[in-house]
Amino acid sequence: MVEFHNEWDELLKDEFKKDYYLRLRQILIREYNTQRIFPGMYDIFNALKLTSYSDVKCVIIGQDPYHGEGQAHGLSFSVRKGVAPPPSLVNIFKEIKSDVGIDNTGKHGELTNWAANGVLLLNSVLTVRANQARSHHGIGWEEFTSNVIKLLNLREKPMVFMLWGADAKAKASLISNPQHLVLKAAHPSPLSAYNGFFGCRHFSQANEFLTSRGVEPIDWAIY
C-alpha cells in the first residue's frame, strides 16, 4: 500500500483499489522486475509525498519522467543535486530569470524546495523505461494523474495550473473551478521553447494571482 504521510492518504485510498490501478500495479511489478525503470520504485510518488493537498499553490504538469540514468526522482522537470540540469529545466530557469529576476543557473536542478513551498511537480505519467521516452504511456498513469487533478480542481482555495505542451494542455478540461488560474504555454524543451514558452511570464503571473487571493507567493529560487 502506498503511503504519503499527508492528506493524500485519505483522498487517494480508494484510487488504489480501482480495477485500472490494480492492472497498472501488475504491469509495474513486471516492468520493475524485467526492465530498467525510472524513477526508483520508492520515488514514484514523491510529488504527492512532498506537497500535501491543502498546501498546493501551483501545479506544474510534466509529461513522463526523464529516462536517463540518475535523472528522474519523482518530481516533474527536477533532477537530484549532482546531476546536470536537462535542457528543459535550463530553459525553465532562463524564463524565471527573465520573468522575475531570479537566477538559478549554475546551482543544481533539484526542485524539492519548490515542492516544500507548495509547487506540485506532477508528471502525467509517473514511470518510464530507461532510454525509452513515452514507454509507459497508456498503461494507466494518465487516469491516475487525471483523478489527482480532478481532486485539486474541487478545492476552493485558489491555485495555479501551469500547462506546458500538448500532454499537459490535454488536462485543461479537468480544471473547471473558477477559483483557479490555468496558464498554458509551449513545452520548455529546446524543440518548442521558442514557440511560446520563452516570454510566457507564468512565474510572475502565478505570484500576482496568488497574492491577489491572499495566498503567500512562491519563491522560485532553488536552494
Side-chain angles (χ1 to χ4, degrees), residues 1-35 37-65 72-78 111-112 114-129 134-182 213 215:
M1 183 67 187
V2 178
E3 290 188 345
F4 303 103
H5 303 290
N6 60 34
E7 294 158 290
W8 291 113
D9 285 322
E10 182 64 25
L11 288 163
L12 293 172
K13 70 178 191 297
D14 292 333
E15 201 67 28
F16 297 114
K17 301 171 188 173
K18 293 181 179 177
D19 287 345
Y20 88 88
Y21 189 86
L22 296 174
R23 288 193 299 272
L24 168 61
R25 187 171 183 275
Q26 290 306 308
I27 293 169
L28 291 174
I29 290 169
R30 185 172 69 246
E31 287 284 287
Y32 273 95
N33 283 333
T34 60
Q35 305 285 335
I37 304 298
F38 300 130
M41 64 176 68
Y42 298 109
D43 290 333
I44 294 173
F45 295 103
N46 277 350
L48 296 166
K49 290 176 180 177
L50 290 172
T51 313
S52 190
Y53 183 76
S54 294
D55 296 334
V56 176
K57 300 176 185 178
C58 177
V59 186
I60 299 180
I61 301 174
Q63 296 181 353
D64 52 359
H73 67 115
L75 304 178
S76 61
F77 297 103
S78 178
L111 307 180
T112 48
W114 287 8
N117 198 212
V119 183
L120 182 64
L121 295 160
L122 184 71
N123 281 314
S124 298
V125 172
L126 299 188
T127 54
V128 69
R129 285 183 179 181
R134 303 180 75 86
S135 50
H136 279 182
H137 278 246
I139 67 171
W141 281 128
E142 291 91 344
E143 184 168 351
F144 178 83
T145 54
S146 289
N147 289 342
V148 169
I149 291 165
K150 288 175 185 176
L151 286 168
L152 290 164
N153 179 61
L154 293 173
R155 206 188 72 182
E156 285 306 301
K157 185 180 176 184
M159 74 185 82
V160 181
F161 291 85
M162 295 184 183
L163 310 182
W164 302 334
D167 283 24
K169 289 176 186 174
K171 303 283 196 188
S173 62
L174 307 174
I175 309 160
S176 58
N177 188 336
Q179 291 287 95
H180 307 315
L181 175 66
V182 178
R213 301 301 193 280
V215 179

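Under a 3.5 Å cut-off, the side chain of D55 and the backbone N or O of G118 do not form any donor-acceptor pair. Checking side-chain atoms of S78 against main-chain N and O of T112 turns up no donor-acceptor pair under 3.5 Å. Put simply, the side chain of S124 never gets that close to the backbone of D64: no donor and acceptor are under 3.5 Å apart. Not one N or O on the side chain of D167 forms a donor-acceptor pair closer than 3.5 Å with the backbone of Q63. Looking only at distances, a side-chain donor or acceptor of S135 sits under 3.5 Å from a matching main-chain atom of R129. Judged by distance alone, the side chain of N177 and the main-chain N or O of L152 form no donor-acceptor pair under 3.5 Å. A donor-acceptor distance shorter than 3.5 angstrom exists from the side chain of R155 to the backbone of K157, with no hydrogens or angles considered. For K171 (side chain) and E142 (main-chain N/O), a donor-acceptor pair under 3.5 Å exists by modelled atom type. With N153 contributing its side chain and S176 its backbone, the two residues share a donor-acceptor pair below 3.5 Å. Between the side chain of N33 and the backbone N or O of I29 there is at least one donor-acceptor pair closer than 3.5 Å.
Listed here is the closest heavy atom pair of M162 and C58: CE-SG, 3.8 Å. Between L121 and A47, the closest heavy-atom pair is O-CB, 3.2 Å. Contact record, G40 with Y32: C-OH, 4.0 Å, taken as the closest heavy-atom pair. Heavy-atom minimum distance, L111 versus S76: CD1-O, 4.0 Å.
Residues D43 and F38 are not in side-chain contact: their nearest non-hydrogen atoms beyond the backbone lie 4.5 Å or more apart. With contacts defined as side-chain heavy-atom distances shorter than 4.5 Å, the pair L11/F4 does not qualify. Side-chain contact between H73 and Y42 is absent, with no heavy atoms from C-beta onward closer than 4.5 Å.
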Problem set entry | Stepwise side-chain contact (heavy atoms from CB on, under 4.5 Å) check, L75 with W114 | CA-CA 10 Å; L75 304 178; W114 287 8; over 6 Å; no

For this session: For I44 and V2, run side-chain contact (heavy atoms from CB on, under 4.5 Å): C-alpha distance rounded to whole Å, both residues' side-chain angles, the deciding distance at 0.1 Å, then the answer.
Result: CA-CA 10 Å; I44 294 173; V2 178; over 6 Å; no

Exercise. Does the side-chain contact (heavy atoms from CB on, under 4.5 Å) test come out yes or no for L28 and W141, once each step is laid out?
Worked result: CA-CA 11 Å; L28 291 174; W141 281 128; 3.4 Å; yes

For this session: Evaluate side-chain contact (heavy atoms from CB on, under 4.5 Å) for K18 paired with N147, printing each intermediate quantity in order.
Result: CA-CA 12 Å; K18 293 181 179 177; N147 289 342; 3.8 Å; yes

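Atom CG in L120 sits 10.0 Å away from atom OG in S52 (nearest 0.5 Å). Here the CZ atom belonging to F77 is positioned 11.0 Å from the CG atom belonging to L122, to the nearest 0.5 angstrom. To the nearest 0.5 Å, atom CG of residue L48 and atom CG of residue D9 are 10.0 Å apart. A distance of 8.5 Å separates CG of L126 from CG of L24, quoted to the nearest 0.5 Å. In this structure, the separation between CD on E31 and CE on M41 is 11.5 Å, given to the nearest 0.5 Å. K49 NZ to T51 OG1: the interatomic distance, rounded to the nearest 0.5 Å, is 12.5 Å.
Taking the six-membered ring where the residue is Trp, Y21 and F144 present tilted rings, their angle falling between 30° and 60°. Between W8 and Y53, the ring planes are perpendicular. Angles over 60° get that label, and only those under 30° would be called parallel.
Side-chain contact annotation: T145 with N123, donor-acceptor N/O pair under 3.5 Å absent. Between the side chains of E7 and S54, a donor-acceptor pair is found at a separation under 3.5 Å.
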